[in-house]
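Just so it is clear, the model here is predicted, and its values are computed rather than measured. Just so it is clear, the values below take in all heavy atoms, side chains as well, and ignore hydrogens, waters and symmetry mates.
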Amino acid sequence: MELGISMFGDLHIDQVTGKMQSAKQRLKELIEEIKLADELGIDVIGIGEHHRPEYAVPSPEIVLAAAAVVTKKIKLTSSVTVLSSSDPVKLYQNFAMVDLLSDGRAELMAGRGSFTESFPLFGYDLQDYSALFEEKLDLLLEINKNKTINWKGRFRAPLENQQVLPRTENSKLTVWVATGGTPDSVIRAGRLGLPLVFAIVAGTPLLRFKSLYELYKNTYQQFGHDMAKFQVGMFSHALFGDNSKEIASYYYPLYGAQMDRIGRTRGWFPFQREQYDFGRSREGALFVGDAQETVDKIIYAHELFGITRFSAHLDVGAPSHAHLMKSIEIFGTKIAPKVREALKK
C-alpha cells in the first residue's frame with residue numbers, strides 16, 4: 001500500500017484579527033513541506049485545485065512542477081483537478097511537462113469538483129455538471145492513448161489530426177478518478193478500469209463506504225480489467241502530533257472554523273465538537289492523533305476496504321507550517337514504517 005499526503009494550500013486565518021496569510025508565503029511553505037515528505041520516503045504528494053479566497057492553489061500542476069525539480073522519488077499528483085471546468089488538451093500538456101521534469105513521477109487525479117467556483121469563472125454552466133465531466137474524461141483518456149487526435153464533442157471545438165505534445169516519460173499518464181461517494185462515479189471508474197480514490201472526510205463513518213468499495217471492485221472485474229493493476233485509495237483529513245489530546249485540542253478550532261466557512265455556503269449546521277470527536281474514533285474518518293493511533297486506524301481501513309493507497313490530507317483550516325512539518329515528520333518516520341511492517345505480516 002502506498003502512503004501519501006495531500007494539501008490544498010489553505011491560507012492561515014488569524015482567529016482574532018481575521019488577517020489572512022499571503023498566497024506567496026503559503027506556496028513557499030508548500031514546497032518546503034513537499035521536500036521534507038520526499039526526504040522521508042513518503043510515496044505520494046497530492047495538491048488540490050480551488051478558486052476561493054482561503055486557498056493558494058488554483059493550478060496544482062504549477063506547484064507540482066516546482067516540486068519536481070527539488071524532489072527525487074515522491075510521486076506528484078493533483079488531488080484533485082476539476083476536470084469538468086478544465087481543457088483536457090492543456091491539462092495533458094501541463095502534466096506531461098511535470099512528468100518530464102520529474103523523470104516520470106506525475107499523475108493526474110480527476111474529479112467533478114465539490115466546489116463549483118471554477119464553473120462560472122471559466123464560463124461553464126452548472127446544469128452541465130455531469131455531462132462536462134463525462135465528455136472531458138473521454139477526451140483526456142483519448143489524448144492519453146494517442147498522440148494524434150480526431151475527436152468531436154459537445155462542449156469543445158473538434159480536433160482533427162491534432163498532435164498533443166509533449167508526451168509523458170513512458171507515453172502514458174496515470175489518471176485517477178476521485179469521488180465523494182457517488183455510485184455513478186464509482187461505476188464509471190470501474191467500467192473504464194481507472195484507479196479510484198474516495199474522499200472520506202469529516203465525521204463520516206468509515207463503514208458507510210464499504211458497499212461503494214465493493215461496487216467498484218465488482219464493476220472493475222465485471223468489465224474484464226486486470227486485477228494485477230487494480231488500485232483503489234482513500235483520502236481523509238489528518239494531523240499528527242506526539243500527544244494525541246494536545247494535537248486534537250490544537251486542531252479543533254482551526255478545523256471547525258474551516259468546516260463552518262464551507263458550511264455557510266452549503267447550508268450545513270455549525271460543526272460540533274461531537275462530530276470532531278466521533279471522526280477521531282476508530283469508526284470515524286478523521287485521522288487526528290498520535291502515531292500509534294494513526295497506524296492502527298490506517299491498518300483498519302486497509303482491512304475494511306482493501307485500499308492500495310492512503311492519503312492523509314493535512315492542511316484543512318491551515319495549521320501552522322511548524323505543525324505541518326511536524327506531522328509530515330511523524331508520518332514519514334513513525335507511521336509509514338509501522339504500517340509497511342504490519343502489512344508484510
Among pairs that include at least one residue of [range], which meet side chain to side chain donor-acceptor pair (under 3.5 Å), considering only residues two or more places apart or in two chains?
range: residues 218-227; result: none
range: residues 269-294; result: Ser244-Arg280, Ser244-Glu293, Arg273-Asp277, Glu283-Tyr300, Gln292-Asp296, Gln292-Lys338
range: residues 185-201; result: Glu134-Arg188

I need the minimum non-hydrogen distance between Ala68 and Val98, along with the two atoms involved. CB-O, 4.2 Å
Between Gly181 and Leu212, the two heavy atoms sitting closest are O-CD1, 3.4 Å
Expected output: side-chain [X] to main-chain [Y] donor-acceptor under 3.5 Å:
X: His302; Y: Ile307; result: yes
X: Asp14; Y: Lys19; result: no
X: Ser86; Y: Pro88; result: no
X: Glu54; Y: Asp10; result: no
X: Asn243; Y: Glu246; result: yes
X: Asp260; Y: Pro270; result: no
X: Thr308; Y: Val232; result: yes
X: Ser59; Y: Ile62; result: no
X: Asn146; Y: Thr148; result: no

side-chain hydrogen bond (donor to acceptor under 3.5 Å, both in side chains) against Gln25, all qualifying residues, sequence neighbours excluded: Glu29
In chain order, what residues pass the side-chain hydrogen bond (donor to acceptor under 3.5 Å, both in side chains) check against Asn150, with sequence neighbours excluded? Asn161
Just list the side-chain donor-acceptor pairs under 3.5 Å for residues 196-210, sequence neighbours left out, or say none.
unit_1 : atom_1 : unit_2 : atom_2 : d
Thr204 : OG1    : Val201 : O      : 2.6
Lys210 : NZ     : Leu304 : O      : 2.5

Are the side chains of [X] and [Y] in touch, meaning some heavy atoms are under 4.5 Å apart?
X: Tyr92; Y: Arg167; answer: yes
X: Thr265; Y: Phe115; answer: no
X: Leu36; Y: Glu33; answer: no
X: Ile149; Y: Glu142; answer: yes
X: Phe310; Y: Val339; answer: no
X: Leu286; Y: Ser236; answer: no
X: Phe95; Y: Leu64; answer: yes
X: Leu3; Y: Met1; answer: yes

More than 12 foreign heavy atoms under 6.0 Å from CD of Gln15: is that the case here? yes
If you measure only the distance, is there a donor-acceptor pair under 3.5 Å linking the side chains of Asp138 and Trp151? yes
Donor + acceptor pair across side chains of Ser6, His313 (<3.5 Å): yes
Side-chain heavy atoms nearer than 4.5 Å, only ILVMFWY residues, links allowed to pass through others: does that put [X] and [Y] together?
X: Ile42; Y: Leu343; value: yes
X: Met325; Y: Val70; value: yes
X: Val186; Y: Met227; value: yes
X: Val69; Y: Val57; value: yes
X: Leu140; Y: Leu159; value: yes

Point-to-point distance, once rounded to the nearest 0.5 Å, from [atom1] of [X] to [atom2] of [Y]:
X: Asp242; Y: Ile247; atom1: CG; atom2: CD1; answer: 9.0 Å
X: Leu83; Y: Leu139; atom1: CG; atom2: CG; answer: 9.0 Å
X: Ile143; Y: Leu173; atom1: CD1; atom2: CG; answer: 11.0 Å
X: Ser130; Y: Arg112; atom1: OG; atom2: CZ; answer: 4.0 Å
X: Leu108; Y: Thr168; atom1: CG; atom2: OG1; answer: 11.5 Å
X: Ile335; Y: Leu40; atom1: CD1; atom2: CG; answer: 11.5 Å

Would a line drawn from the ring center of Tyr250 to the ring center of His323 be shorter than 6.0 Å? yes
Could you check whether Tyr216 and Phe230 have their ring centres less than 6.0 Å apart? yes
Remaining members of hydrophobic cluster (4.5 Å side-chain criterion), [X]:
X: Leu100; result: none
X: Met20; result: Leu11, Ile13
X: Phe119; result: Val82, Leu121, Phe122, Tyr124, Leu126, Tyr129, Leu132, Phe155
X: Val44; result: none

Let's go through Glu107 and Trp176 carefully: what are the C-alpha distance in whole Å and the side-chain angles of both, what is the deciding distance for side-chain contact (heavy atoms from CB on, under 4.5 Å) to 0.1 Å, and is it a yes or a no? CA-CA 8 Å; Glu107 298 183 348; Trp176 289 69; 3.1 Å; yes
Under the salt bridge (charged side-chain N to carboxylate O under 4.0 Å, His left out) test, residues paired with Asp103 that sit two or more places apart: none
Run the salt bridge (charged side-chain N to carboxylate O under 4.0 Å, His left out) test against Glu2 and tell me which residues pass, sequence neighbours left out. Lys75, Arg309
For His237 and Tyr255: C-alpha separation, side-chain torsions, deciding distance, then whether ring pair (Phe, Tyr, Trp, His ring centres under 6.0 Å) applies. CA-CA 10 Å; His237 298 161; Tyr255 189 82; 5.5 Å; yes
Closer than 4.0 angstrom, basic N to acidic O: yes or no for Arg340 and Asp43? yes
Is Arg156 salt-bridged to Asp87, going by a charged N under 4.0 Å from an acidic O? yes
Apply the test side-chain contact (heavy atoms from CB on, under 4.5 Å) to residues Lys217 and Glu214: give CA-CA distance (whole Å), side-chain angles for both, the deciding distance (0.1 Å), then the verdict. CA-CA 5 Å; Lys217 185 175 182 179; Glu214 292 172 351; 5.8 Å; no
Test side chain to side chain donor-acceptor pair (under 3.5 Å), reference Arg105, set Thr71, Thr77, Thr174, Asp99, output is Thr71
Quick one: do Asp315 and Arg26 satisfy salt bridge (Lys or Arg N to Asp or Glu O under 4.0 Å)? Show the steps, please. CA-CA 11 Å; Asp315 66 345; Arg26 182 70 194 107; 3.4 Å; yes
